[in-house]
Q: 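Once you've had a glance at the structure underneath, I'll fire off some questions.
All chains are named by letter (A, B, ...) in the order of the sequence lines, taking the proteins before the strands, and each is independently numbered beginning at 1.
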Amino acid sequence: MNSFKYELLHVDTSTGARLGRLHTPHGVIDTPCYMPVGTAAAVKAMTSRDMLELDAPILLANTYHLYLRPGHELVSNAGGLHRFMAWDRPILTDSGGFQVFSLGDLRKVREDGVMFQSHIDGSRHLFTPEKVMEIEEALGADIIMAFDECSPYPCDRERAQRAMDRTHRWAERCKAAHRRSDQALFGIVQGAFYEDLRLQSVKTLTDMDFPGYGIGGLSVGEPKPIMYQMLDAVAPALPAHKPRYLMGVGSPDCLIEGALRGIDMFDCVLATRVARNGTALTSRGRIVVRNAAYAADLSPLDPECDCYACRSFSRAYIRHMLNVKEITGAHLVSLHNLHFLIQLMAELRAAIANDKGAEFRAAFYDKYGGDGTGRF
RNA sequence: GUGGGUAUAGUUCAGUUGGUUAGAGCGCCAGAUUGUGGCUCUGGAAGUCGUGGGUUCGAAUCCCACUACUCACC
C-alpha cells in the first residue's frame with residue numbers, strides 16, 4: 001500500500017505560497033505546517049495528549065537519539081513509535097544526519113557512512129544509509145528522512161560540493177535500501193550557500209523521484225537574507241506536486257518567510273527550547289517572562305491568545321513557576337509557544353487561500369516587530 | 001550568671017606569615033538559544049569585612065572594649 005500523497009490545493013497569487021494537503025497512513029496534514037519536535041519520542045515538557053489538544057498535525061522524532069536510547073529494536077517491539085509514544089497522528093523521523101554533524105570531534109565521515117561516538121557513553125557506532133533505513137523502518141514513522149551530510153556555515157565550495165555529492169550517493173543508497181511502502185522517504189537538498197550547487201542538488205534528487213524533499217543545511221548560523229536567497233533559488237526548482245520541507249526552521253518570521261517562498265513543512269526546537277528557558281513567543285514579539293518586569297503582571301502571556309496557558313494563568317504566575325523551577329513553568333510556556341506557531345500557520349493558510357499572503361506578512365511584522373532580516 | 005565560639009555580598013561561606021582593585025557557590029538582574037549532545041550557555045550588579053578605639057608605612061587579618069548570635073556549664 002502507498003497511501004502517501006501530496007495535493008497542491010492553491011497557490012497564493014500575491015506571493016507564490018502554496019496551500020496543500022499531505023495524506024499519510026496516520027492522517028491528513030494541512031500545509032504549510034509547523035511540526036513540533038519530539039526528539040526522544042516526546043515533545044519536551046509535553047504529553048501526547050497535550051499535543052493532540054494543541055492540534056499538532058504531526059510530530060518529529062529523531063533516529064540518532066532513539067537508536068542510542070532506548071534502541072530502535074525496543075521501539076519496534078513496543079509496537080512502533082506511534083504506539084510507544086501514544087500518538088496516532090503522523091510522525092516524521094529525522095535521519096540523524098544533523099546530529100552526527102553536530103557531534104563535531106566525535107565523528108568521522110567516510111564514504112560508506114559516519115563513524116561516531118555516542119555523546120552518552122562514548123561507545124562507537126557506524127551510521128550508513130542502509131543502517132539508518134533499518135532504524136527508521138523499525139521506528140515506523142510515516143515520513144522518514146534520508147541520511148545526509150550537513151555542511152556548516154561558512155563552508156568553502158570544495159567542501160560543500162563534496163558533502164553534497166556524498167549526500168546524493170547516500171540518498172540513492174537509502175532509496176535502494178528502503179523497503180516499507182507505507183513510509184515516505186524524503187531526499188534532502190544540500191549545497192551549502194552556493195546557488196548553483198543547490199540547483200544541482202535539486203536536479204539530482206528530483207531525478208531520483210522522491211515523494212518529498214527536505215531542504216537541509218540551512219539555519220546553521222547564516223544571516224537570514226542568505227537563507228532566503230537560497231530558498232528563492234531552490235523552491236521554484238522543486239517539483240510542484242511534491243511537498244518541500246525546510247529543515248530546522250524556525251522562528252515565527254522564518255515560518256512566514258519560508259511559506260511565502262513555497263515551503264510546505266517546517267520543524268524547529270526553538271519554540272520549546274526558549275520556552276524552557278523562560279521566553280514566550282507572542283503576537284507582539286518575544287517576551288522573556290522570567291524578567292522582573294513581569295513579577296506583578298497579571299495579564300496573560302499574549303492577550304490575543306486563547307491557549308490553556310493564556311486563558312488560565314498570568315505572567316506573574318508563570319514567572320513564579322519558572323523562578324521556583326516548577327516543571328509547570330516549562331510546560332505552560334512550551335504549550336503557549338507551540339500553540340502560537342500552530343495557530344500562526346493556520347492563519348497563514350487561511351490567508352494563502354484568499355491570496356492574502358503578502359498582507360498577512362505585513363500585518364504580522366507590524367505587530368511582532370522587525371522586518372524579517374533581524375533576529376526573530 | 002560563668003566560660004568558649006562566631007560576626008566578610010541578599011544568603012551560605014573562602015580569604016595564605018598583616019601587603020596593591022576582598023573572592024566563590026546559590027540567589028538577584030539581563031542576554032543567548034532555529035533538522036534538541038541544553039532544567040543549558042554568556043554576561044552584569046551587589047560588601048562602611050558587626051560597632052568603636054588602638055598597634056602599624058599598611059588591618060577583613062593583631063590588641064582592647066562594646067553589641068548580636070550561638071554552644072557548654074551553672
Side-chain angles (χ1 to χ4, degrees), chain A residues 34-46 58-69 92-107 116-122 132 136 141 143-153 167 186 188-190 213-224 227 244-255 257-258 263 265-281 286-295 319 321-331 333-334 337 341 375-376:
Chain A
Y34 163 70
M35 308 185 284
V37 181
T39 304
V43 177
K44 291 186 192 294
M46 309 296 285
I58 173 173
L59 298 182
L60 244 76
N62 191 276
T63 298
Y64 169 84
H65 293 280
L66 292 174
Y67 160 79
L68 288 179
R69 282 190 307 201
L92 181 152
T93 45
D94 189 13
S95 64
F98 185 81
Q99 281 62 46
V100 164
F101 156 76
S102 66
L103 279 175
D105 292 340
L106 292 178
R107 70 153 199 289
F116 64 93
Q117 278 183 270
S118 161
H119 68 279
I120 301 160
D121 62 5
V132 168
E136 292 200 89
I143 300 171
I144 66 177
M145 302 306 294
F147 189 53
D148 65 328
E149 183 182 346
C150 186
S151 44
Y153 174 81
T167 293
F186 281 26
I188 300 178
V189 174
Q190 288 292 349
Y213 298 92
I215 300 170
L218 292 180
S219 195
V220 288
E222 76 282 8
K224 288 181 183 181
M227 177 171 86
R244 301 101 175 247
Y245 162 29
L246 176 55
M247 307 181 74
V249 174
S251 56
D253 56 331
C254 285
L255 293 182
E257 295 295 339
I263 303 300
M265 306 158 70
F266 304 85
D267 81 282
C268 194
V269 303
L270 183 77
T272 46
R273 178 180 289 173
V274 300
R276 290 195 302 284
N277 293 314
T279 296
L281 307 173
R286 285 170 44 135
I287 74 166
V288 182
V289 206
R290 181 168 34 82
N291 285 5
Y294 307 111
R319 176 178 189 271
M321 289 293 103
L322 293 164
N323 264 353
V324 298
K325 298 188 167 44
E326 281 291 343
I327 301 166
T328 298
H331 171 69
V333 184
S334 295
N337 283 356
L341 292 187
R375 276 201 159 77
F376 307 103

Q: Applying ring-ring contact (aromatic ring centres under 6.0 Å, His included), can you list everything that pairs with A:His65, at least two apart in sequence or on another chain?
A: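 A:His65 satisfies ring-ring contact (aromatic ring centres under 6.0 Å, His included) with A:His119 once adjacent residues are dropped.
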Q: Using a cut-off of 4.0 Å on non-hydrogen atoms, how would the nucleic acid contact of A:Glu326 be classed: base, sugar-phosphate, or nothing?
A: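 No contact at all - A:Glu326 keeps every heavy atom at 4.0 Å or more from the nucleic acid.
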Q: Name all residues meeting the ring-ring contact (aromatic ring centres under 6.0 Å, His included) criterion together with A:Tyr294; count only those two or more places apart in sequence or in a different chain, and write none if there are none.
A: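 Partners of A:Tyr294 under the ring-ring contact (aromatic ring centres under 6.0 Å, His included) test: none.
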Q: Apply ring-ring contact (aromatic ring centres under 6.0 Å, His included) to A:Phe101 and list each qualifying residue two or more places apart in sequence or on a separate chain.
A: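 Counting only residues at least two positions away or on another chain, A:Phe101 forms a ring-ring contact (aromatic ring centres under 6.0 Å, His included) with A:Phe98.
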Q: Return all side-chain donor-acceptor pairs below 3.5 angstrom for residues 270-279 of chain A, not counting sequence neighbours, or 'none' if the list is empty.
A:
unit_1   : atom_1 : unit_2   : atom_2 : d
A:Thr272 : OG1    : A:Val269 : O      : 3.1
A:Arg276 : NH1    : A:Thr272 : O      : 3.2
A:Asn277 : ND2    : A:Arg273 : O      : 3.3

Q: Can you see if the side chain of A:Arg273 gets near the phosphate of B:U34 - specifically, an N or O under 4.0 Å from OP1 or OP2?
A: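 Indeed, a polar side-chain atom of A:Arg273 lies that close.
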Q: When Watson-Crick pairs (N1 to N3 and N6-O4 or O6-N4) and G-U wobble pairs (N1-O2 and O6-N3) count only below 3.5 Å on both distances, what is the dot-bracket string of RNA chain B, with | for other-strand pairs?
A: (((((((..((((.....[...)))).(((((.......))))).....(((((..]....)))))))))))).
Q: Please write out the pairs of protein N or O atoms and N or O atoms of nucleotides 28-31 of chain B separated by less than 3.5 Å, giving the distance to one decimal.
A:
unit_1 : atom_1 : unit_2   : atom_2 : d
B:C29  : OP1    : A:Arg319 : NH2    : 2.7
B:A30  : OP1    : A:Ala292 : N      : 3.2
B:A30  : OP2    : A:Ala292 : N      : 2.9
B:G31  : OP2    : A:Asn291 : OD1    : 3.3
B:G31  : OP2    : A:Asn291 : ND2    : 2.9

Q: Base, sugar-phosphate alone, or nothing: which one does A:Gly217 contact when heavy atoms must sit under 4.0 Å apart?
A: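 Base contact.
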Q: Can you name the residues that form a side-chain hydrogen bond (donor to acceptor under 3.5 Å, both in side chains) with A:Ser102, not counting sequence neighbours?
A: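 By the side-chain hydrogen bond (donor to acceptor under 3.5 Å, both in side chains) rule, A:Ser102 matches no residue at all.
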Q: Considering only distance and modelled atom types, tabulate donor-acceptor pairs under 3.5 Å from the side chains of residues 214-223 of chain A, sequence neighbours left out.
A:
unit_1   : atom_1 : unit_2   : atom_2 : d
A:Glu222 : OE1    : A:Ser219 : N      : 3.3
A:Glu222 : OE1    : A:Val220 : N      : 2.8
A:Glu222 : OE2    : A:Ser219 : N      : 2.6

Q: Suppose we screen for side chain to side chain contact (heavy atoms under 4.5 Å, CB included). Which residues come up paired with A:Leu106, at least two apart in sequence or across chains?
A: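 Listed in chain order: A:Leu103, A:Gln117.
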